[in-house]
Amino acid sequence: MKISKPRGTRDFLPEDTKKRRYVESILRQVVKNWGFNEIITPTFENLELFTLKSGEGIVGELYNFKDKGDREMTLRPELTAPVMRMYVNEMQAYQQPLKLFYFENCFRYERPQKGRFREFWQFGVELIGSKRADADAEAIALASEMLKSVGIKGDLHVNNLGVIRHLLSVLETEHQSKIMRLVDKKDDTGLNDFLEDINAPADLRMKLLELICLTGEGAVTKARELVGNIPEIETFQELLTLLDTYGVEYTINFGIARGLDYYTGTVFEIYAEGLGAQNQVCGGGSYQLIQLFGGGDVPSTGFGLGFDRIMEVCELEAPDDKPVVIIAKDSTRLDAVKVATKLRLHMPVYNDLMKRNFKAQLSHANNIGARHVVIIGEQEVEAEKVTLKDMSSGEQELLTIDEVIEKLTCK
RNA sequence: GCCGGGGUAGGGUAGCGGUUAUCCUGUAGCCCUGUGGAGGCUACGAUUCGAGUUCGAUUCUCGAUCCCGGCCCCA
């Protein structure tokens with residue numbers, strides 16, 4: 001009787017894990033160099049944390065459960081809300097801006113497909129305390145740099161929601177939200193119908209439809225013509241100038257909306273090729289969530305990277321471990337253990353655990369890709385040395401253990 | 001929740017009503033107990049699960065399940 005793994009989860013074999021850890025280590029190095037500090041939050045949280053942020057509707061997509069104390073819990077579906085909760089609970093007195101990052105698994109009860117799993121990993125950054133374009137620009141530049149560091153060419157689209165919000169400000173709040181959702185979905189007919197339903201002014205309707213199609217060069221100028229010289233445009237222009245200075249390539253896209261009300265201004269998405277329908281590898285922007293969780297009026301900006309999607313398109317190869325295999329005879333196995341113990345302070349070492357004969361041990365060493373083997377037989381024990389054999393050249397020489405360490409570690 | 005396409009040893013496959021279920025690879029061992037990569041031999045190991053049709057099902061039908069792709073959703 002075999003037990004299969006739960007739907008939408010994955011086993012990572014040694015080769016997979018090695019590559020994942022390697023890519024992870026590169027991303028970690030980049031965020032650290034940008035001055036961000038890692039945090040860890042619980043794997044499960046009170047259900048309310050997420051319904052508060054995203055509405056009751058998301059419960060259907062959650063891995064939620066009641067614990068033995070009858071509390072409504074859920075495995076975390078994302079990490080922005082937990083980080084905000086953590087900030088409100090424990091970090092409000094910290095120096096701002098807070099520069100935080102996390103790399104954790106998340107859980108969503110969804111139908112698996114390419115680039116979508118029920119357990120997946122998010123690498124995210126939250127920058128708390130600054131509402132300036134400088135913070136948004138740093139977040140975007142960092143996201144861009146992270147992808148670049150692992151060899152992924154992403155297509156970055158940026159927008160400032162303040163512009164479209166300004167245009168819609170004459171409408172009721174609920175209508176505004178609804179329109180933002182329709183724009184996010186790129187549901188043009190739905191949008192038209194809705195504008196018809198609420199009897200939106202013809203002038204606004206025309207401007208809106210024109211605005212959300214604005215993209216690429218000259219889009220800012222055209223937007224300015226549509227909505228006038230409002231502060232939101234100036235902020236957006238400031239962000240773009242900063243991005244230019246960072247050397248980040250981007251596409252202006254007034255059609256990116258993000259369906260949720262807590263996004264305040266800057267929003268961005270990054271897409272990568274080769275991922276099928278789920279081609280977004282990064283999404284983020286500036287948002288206002290802290291008040292919702294009982295904190296002050298603190299602006300934040302952040303983004304999440306879909307680590308699994310990155311792995312899907314990342315072509316980096318993890319460096320080789322260069323294992324050393326010790327080959328011994330039955331009569332010298334204890335000597336082999338002693339030598340292994342010394343060598344293990346410096347390098348990965350394999351010892352025979354199968355009581356293989358001499359030839360089979362050598363063959364096994366070859367099969368697992370050993371660069372070198374260390375032979376310990378009666379002759380070597382007698383001479384208080386070992387034989388080091390280079391597996392690719394076949395050359396071998398009699399050396400002391402210290403000489404072996406010296407020789408293998410300096411390469 | 002919806003729509004397609006799939007599921008045969010650990011991995012890759014052939015068979016498409018009756019076979020000892022094919023071959024490649026893998027793993028372990030032997031040929032060969034102080035020198036690997038080749039070769040030969042041996043062993044291990046599979047029809048996703050459950051119903052139905054049939055004398056007989058890996059093969060046909062239905063259901064479940066999982067995988068792959070897409071829709072919805074995407075915090």
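Each chain gets a letter, A, B and so on, in the order the sequences are listed, and its residues count up from 1.
- Of the residues near RNA chain B, K185(A) and G115(A), the one whose nearest nucleotide (by heavy atom distance) lies more toward the 5' end is G115(A).
- Among the heavy atoms of the strands lying under 4.0 Å from S363(A) are primed sugar atoms or P, OP1, OP2 only; no base atom is included.
- Salt bridge annotation for K389(A)-E395(A): absent, with no cationic side-chain nitrogen under 4.0 angstrom from a carboxylate oxygen.
- G17(B) is unpaired under the criterion used here, namely a Watson-Crick or G-U wobble arrangement in which both key atom distances are under 3.5 Å.
- Within the nucleic acid shown, F117(A) has no heavy atom closer than 4.0 Å to any nucleic acid atom.
- Among the nucleotides C66(B), C73(B), G70(B), the one closest to any side-chain atom of E61(A) is C73(B).
- Across U35(B), G34(B), A75(B), the shortest atom-to-atom separation from the side chain of L362(A) is found for U35(B).
- In this entry G56(B) has no Watson-Crick or G-U wobble partner, no candidate having both defining distances under 3.5 Å.
- Contacts of R356(A) with the nucleic acid, taken as non-hydrogen atoms under 4.0 Å apart, involve only primed sugar atoms and P, OP1 or OP2.
- With contacts defined as side-chain heavy-atom distances shorter than 4.5 Å, the pair N367(A)/S363(A) qualifies.
- Between the NZ atom of K355(A) and the C1' atom of A28(B) there is a distance of 15 Å, rounded to whole Å.
- Here L260(A) lies in heavy-atom contact (under 4.0 Å) with sugar-phosphate atoms only.
- Taking the centre and axis of the six-membered ring of W121(A), the NZ or CZ atom of R20(A) falls inside the cone set by 45° and 6.0 Å.
- In this structure, R116(A) does not pair ionically with D308(A), as no charged nitrogen and carboxylate oxygen lie closer than 4.0 Å.
- As judged by a 4.0 angstrom heavy-atom cut-off over every strand, F50(A) is placed among residues making no nucleic acid contact.
- R111(A) comes within 4.0 angstrom of a base, heavy atoms only.
- Residue G306(A) is classed as having no contact, given no heavy-atom separation below 4.0 Å to the nucleic acid.
- Searching all strands for a Watson-Crick or G-U wobble partner of G1(B) with both distances below 3.5 Å returns C71(B).
- Judged by Watson-Crick or G-U wobble contacts below 3.5 Å, the nucleotide G63(B) has C49(B) as its partner.
- Contact record, I252(A) with A219(A): CG2-CB, 3.9 Å, taken as the closest heavy-atom pair.
- Within 4.0 Å of I375(A), counting heavy atoms only, lies at least one base atom of the nucleic acid.
- The E78(A) side chain lies nearest to A75(B) when the options are G70(B), A75(B), G34(B).
- Distance CG (N357(A)) to C1' (G29(B)): 10 Å, rounded to an integer number of Å.
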F236(A) and F254(A): CA distance, side-chain angles, deciding distance, ring pair (Phe, Tyr, Trp, His ring centres under 6.0 Å) verdict: CA-CA 11 Å; F236(A) 192 34; F254(A) 283 98; 5.6 Å; yes
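- Between the CD atom of E15(A) and the C1' atom of G11(B) there is a distance of 11 Å, given to the nearest Å.
- Using a 4.0 Å heavy-atom distance criterion, A365(A) is classed as making no nucleic acid contact.
- The CD1 atom of I376(A) sits 17 Å away from the C1' atom of U33(B) (whole-angstrom rounding).
- Remark: C44(B) base-pairs with G26(B); criterion is Watson-Crick or G-U wobble with both hydrogen-bond distances under 3.5 Å.
- At whole-Å resolution of the value, CG in D11(A) and P in C67(B) are 11 Å apart.
- Ion pairing between a basic and an acidic side chain is recognised when a charged N comes within 4.0 Å of a carboxylate O; E312(A) and K114(A) show such pairing.
- Across all strands, G394(A) comes closer than 4.0 Å to base atoms (heavy-atom distances).
- Residue Q361(A) is out of contact with every strand shown, counting any heavy-atom pair closer than 4.0 Å.
- Counting non-hydrogen atoms under 4.0 angstrom, K53(A) reaches the backbone sugars and phosphates but no base.
- Nucleic acid contact for K389(A): base, since at least one base atom lies under 4.0 Å from a heavy atom of the residue.
- In this structure, E269(A) reaches neither bases nor backbone, as no heavy-atom distance under 4.0 Å exists between it and the strands shown.
- For the pair Q396(A) and R181(A), nearest-nucleotide mapping onto RNA chain B gives the more 5' position to Q396(A).
- Per the geometry, CZ belonging to R116(A) stands 10 Å off P belonging to G70(B), to the nearest Å.
- Here the P atom of nucleotide A38(B) and the CG atom of N366(A) are 8 Å apart, to the nearest Å.
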